[in-house]
Amino acid sequence: KTYNDDFFEALDGVTNALDNVDARMYMDRRCVYYHKPLLESGTLGTKGNVQVVLPRLTESYSSSQDPPEKSIPICTLKNFPNAIEHTLQWARDAFEGEFTIP
């Protein structure tokens, strides 16, 4: 495997720019296991987030959970739909756009 013990042990730290929570949590678990610092970053719509994770000093990325979003960001619907909810919302928006009386 490419990402084996030798790979992770040789790292001084990890900087994330991943597009989904599962991948972020996987890298977080690897960093916790190998005691590697992690710079976690991400965006959601117009919001940005950065979290610095230091082994044995700060909580890990997986230790906390953001509250659920009240709506799906437009950029996710238009550019990166990755869940069935995104497809459903896209279809609702398209339907309303076609059948709304001005």
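Keep in mind it's a predicted model, so treat the numbers as computed, not measured.
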By side-chain contact (heavy atoms from CB on, under 4.5 Å) - contacts of R30 (at least two apart): F8, Y26, Y33, Y34
Sequence-distant partners of V32, side-chain contact (heavy atoms from CB on, under 4.5 Å), two or more places apart: D28, S60
Non-hydrogen side-chain atoms of L38 and N16 separated by less than 4.5 Å: yes
Student check: side-chain heavy atoms of P55 and P37 closer than 4.5 Å: yes
With H35 via side chain to side chain donor-acceptor pair (under 3.5 Å) - residues at least two apart: R56
Aromatic ring pairing Y3/F7, orientation class (parallel under 30°, perpendicular over 60°, tilted between): perpendicular
Contact list for residues 31-41, test salt bridge (Lys or Arg N to Asp or Glu O under 4.0 Å), sequence neighbours left out: R24-E40
Pairing residues for E59 by the side-chain contact (heavy atoms from CB on, under 4.5 Å) criterion, not counting sequence neighbours: Q51, S63, S64
Minimum heavy-atom distance between A17 and S41, given as atom pair plus value: CA-OG, 4.2 Å
Approximate separation, where rounding is to 0.5 Å, of M27 CE and M25 CE: 13.5 Å
Single-linkage hydrophobic cluster, 4.5 Å side-chain cutoff, V50 and L18 together: no
hydrophobic_cluster_shared for W90 and I84, side chain cutoff 4.5 Å: no
Listed partners of T15 passing side-chain contact (heavy atoms from CB on, under 4.5 Å), at least two apart: L39
Cluster overlap L11 with V53, hydrophobic side-chain contacts below 4.5 Å: yes
